[in-house]
Amino acid sequence: MTTKLSVQRFRTRRPDPVQAPAPLPLPLTVAATKAAPSKAAQPTAAKPAAPAQPRVGDRAFFPTEEDDGFAGMTFPTANKPVTKSAPEDIDTIRQESLTGRQLRMARRLAQKHGLPATSDFDAVRLLRNAGIDPFQANSVLELVSSSDGPPLPPSGSRALILTPGGDGIQLPQTIKPIQLPSTEEQMERAHFAEVGRIQRDIVARRRKKSLLLAARLFVFVGLPTILAAIYYYTIATPMYASHSEFVIQQNDAAPSGISSMLKGSAMATSQDSIAAQGYLQSQDAMVRLDQDIGFRNQFSAPSIDPLQRLDVNATQSATYKAYKKFVKISYDPTEGLIKMDVITPDPELSVQYSKALIGYAEERADQLTAQVRDDQMLGSRESNDEAEAKLADANERVVALQEKNKILSSEVEVSLISAQIGQLDTQLTTEKLSLAQMEANANPNQARMEPVKRRIATLEDQTAQLRAKLTENDANGQSLARVQSELLVAQAEVAMRQLLLSQSVQAMELARNEANRQTRYLSVSVNPVAADEAAYPRAFESTLVVMLILIGIYLMITMTIAILYEQVTSG
């Protein structure tokens, strides 16, 4: 790809190389031209004036022996005070930041005036000292100016100007004809013309590219943006939004362990809140809302614009897309709040939808922990019922043993027999002492000793029977010791069953408290209110978003095409 040279265009004008000096007050002027060579100049009388000042490099007169050739003529710089030296003037000129073109013009002008310039800056200095502006387009080769004098001959003519000499003789002065521009100047003019043509070509191409870019932007960006603005401002159906906020809380029962550290924070119910949010955004909630209130019928009404209207026979997937568009739910993890915005064509309908969805969320939050609570209570209840049944069986066994052996309490029975044996032993001991006392006499009375011996024998028999009753089996084959052992085992089992029953009762109470703690409540912090002004469509914001999206797509496609073109051309 070739890029044309971009340069600035300058309009150059070559100064007239030959211009007559200022008219001099001469007594006589003779001019002869090529156009009228036969006409002779007529001498005319003139006022006496100061002697003419000669041009540098011109032959104005022939000096004599007595004169130096200037005949008392005065020069403009004769009495001019010199304030600065040449190096100081050149340094001052350097500080003016002159361009290269200006310095070359000054050098050529100095050469035409015959000034001995050693450099471009020295040429500027010499021209200024000679009273010539080196940077003026119409600079002339004048060193002396005068307000009086005859008119100069026309351009392209040859003229003889008589100037007074020191001795009063008027000598002719040659006027050079106009010269043609040099080859370098012609090349420079041709270069300037070519640069101008290139610049005009560049400007034309830039103008064409700008018009094409404006046309493409209008077609791909401007026109779709205008259509979007027309839709949002005139066609789109106004939608009303109802805002509500609610939070899921747990029971205030005193928790234990790690849960006590999370109580009162959003982390305690974050899972339940996220689950409720997911349920409200699910297709299940949409189907239930459609069955209860009629979501699909409301958004397929003819009053809604075609872009937002649902088809009467729309599929469940299309209805669910509309549901996600018009029901917006978000969860704030820092505060634990669930925020819900319901958008409908009718403000009252949006409030009705919001309340229905809040009810669905409350039911779902309660169902999340219902199974846990039921499992906890079911296990504790089963354990309690089993303990009660086993306790009843143990009591029945004790009663059966008591009825079978006709003993209320083995301990009481043993204590009674033991008491009887003790009393019999006391009486037996007394009778034996009496018998021993009687036998201690030298001549004991047998009549008195026989009853004592019979009482002693009877007491010993009774004591033996009582002792045998404690250990020997009765007619039923049960001894008191065995009955007592069975009763003690049955009573111990009853005591154990009573302990287990009390523990199951405590476990059931703990399970009931835990179930109560697992209960979730939905508290509404911001109730839905019917809006009195449509919240959608947001015409300006939506139009701006459409425009930005189109600009981004256009830039992406343009850059892709440019990169591909660069890759193809470079390969």
Roughly how far apart are [X] [atom1] and [Y] [atom2], rounded to 0.5 Å?
| X | Y | atom1 | atom2 | result |
| --- | --- | --- | --- | --- |
| I329 | S282 | CD1 | OG | 8.5 Å |
| F246 | I338 | CZ | CD1 | 4.5 Å |
| E96 | Q102 | CD | CD | 9.0 Å |
| S330 | D341 | OG | CG | 7.0 Å |
| F299 | F326 | CZ | CZ | 5.0 Å |
| E335 | S525 | CD | OG | 10.5 Å |

Heavy-atom closest pair, residues [X] and [Y]:
| X | Y | result |
| --- | --- | --- |
| L522 | V524 | CD2-CG2, 3.8 Å |
| N384 | S504 | OD1-OG, 3.0 Å |
| Y353 | G294 | OH-O, 3.2 Å |
| M239 | P345 | SD-N, 3.7 Å |
| L357 | L280 | O-CD2, 3.3 Å |
| I248 | A365 | CD1-CB, 4.0 Å |

Taking the side chain as every heavy atom from C-beta outward, state whether [X] and [Y] have any atom pair closer than 4.5 Å.
| X | Y | result |
| --- | --- | --- |
| F295 | T319 | yes |
| K324 | Q281 | no |
| V452 | R448 | no |
| M340 | K328 | no |
| K339 | Q277 | no |

### Task
Could you walk me through whether T334 and D332 pass side chain to side chain donor-acceptor pair (under 3.5 Å), step by step?
CA-CA 6 Å; T334 58; D332 187 2; 2.8 Å; yes
- Verify whether one side chain among S242 and S354 offers a donor that lies under 3.5 Å from an acceptor in the other.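 Side chains of S242 and S354: pair found under 3.5 Å.
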Problem - Pair D290, Y320: side-chain N/O donor-acceptor within cut-off below 3.5 Å - result: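 Checked: D290/Y320 side chains show no N/O donor-acceptor pair below 3.5 Å.
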- Message: Within a 6.0 Å radius of atom NZ on K321, are there more than 12 heavy atoms belonging to other residues, nucleotides or ligands?
- Response: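 No, not enclosed.
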State whether the number of non-hydrogen atoms from other residues, nucleotides or ligands found under 6.0 Å of Q437 atom CD is greater than 12.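 For Q437, atom CD is not crowded (no more than 12 foreign heavy atoms under 6.0 Å).
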Sequence neighbours excluded, which residues qualify as salt bridge (Lys or Arg N to Asp or Glu O under 4.0 Å) partners of [X]?
| X | answer |
| --- | --- |
| R364 | D284 |
| E382 | none |
| D425 | R467 |
| E431 | R455 |

Between K355 and I358, does the side chain to side chain contact (heavy atoms under 4.5 Å, CB included) criterion hold? Intermediate values first, please.
CA-CA 5 Å; K355 291 182 178 179; I358 290 173; 5.6 Å; no
Just by modelled atom types, is the [Y] backbone N or O under 3.5 Å from a matching donor or acceptor in the [X] side chain?
| X | Y | value |
| --- | --- | --- |
| N395 | L391 | yes |
| R309 | I304 | yes |
| E460 | L428 | no |

Taking side chain to side chain donor-acceptor pair (under 3.5 Å) as the definition, give me every residue that meets it alongside [X], ordered by chain and number, with sequence neighbours left out.
| X | result |
| --- | --- |
| S523 | Q249 |
| S350 | none |
| T237 | D305 |
| E386 | K390 |

Could you walk me through whether R497 and E388 pass the side chain to side chain contact (heavy atoms under 4.5 Å, CB included) check?
CA-CA 8 Å; R497 295 302 175 186; E388 289 179 353; over 6 Å; no
Side chain to side chain contact (heavy atoms under 4.5 Å, CB included) partners for Q446, two or more places apart: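 With neighbours one apart ignored, the set is P444, M449, E450.
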- Query: Sequence neighbours excluded, which residues qualify as side chain to side chain contact (heavy atoms under 4.5 Å, CB included) partners of A419?
  - Reply: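 By the side chain to side chain contact (heavy atoms under 4.5 Å, CB included) rule, A419 matches no residue at all.
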Which donor-acceptor pairs under 3.5 Å do the side chains of residues 207-229 make with protein atoms, sequence neighbours left out?
| residue | atom | partner | partner atom | Å |
| --- | --- | --- | --- | --- |
| S210 | OG | R206 | O | 2.8 |
| R216 | NE | Y554 | OH | 3.3 |
| T225 | OG1 | V221 | O | 2.6 |

Could you give the side-chain donor-acceptor pairs of residues 526-549 under 3.5 Å, partners two or more places apart or in another chain?
| residue | atom | partner | partner atom | Å |
| --- | --- | --- | --- | --- |
| S542 | OG | R538 | O | 2.7 |
| T543 | OG1 | A539 | O | 2.7 |

Please report the C-alpha distance between Y360 and D292 in whole Å, then the side-chain angles of each, then the deciding distance to 0.1 Å, and finally whether the side chain to side chain contact (heavy atoms under 4.5 Å, CB included) criterion is met. CA-CA 11 Å; Y360 299 161; D292 294 344; 2.3 Å; yes
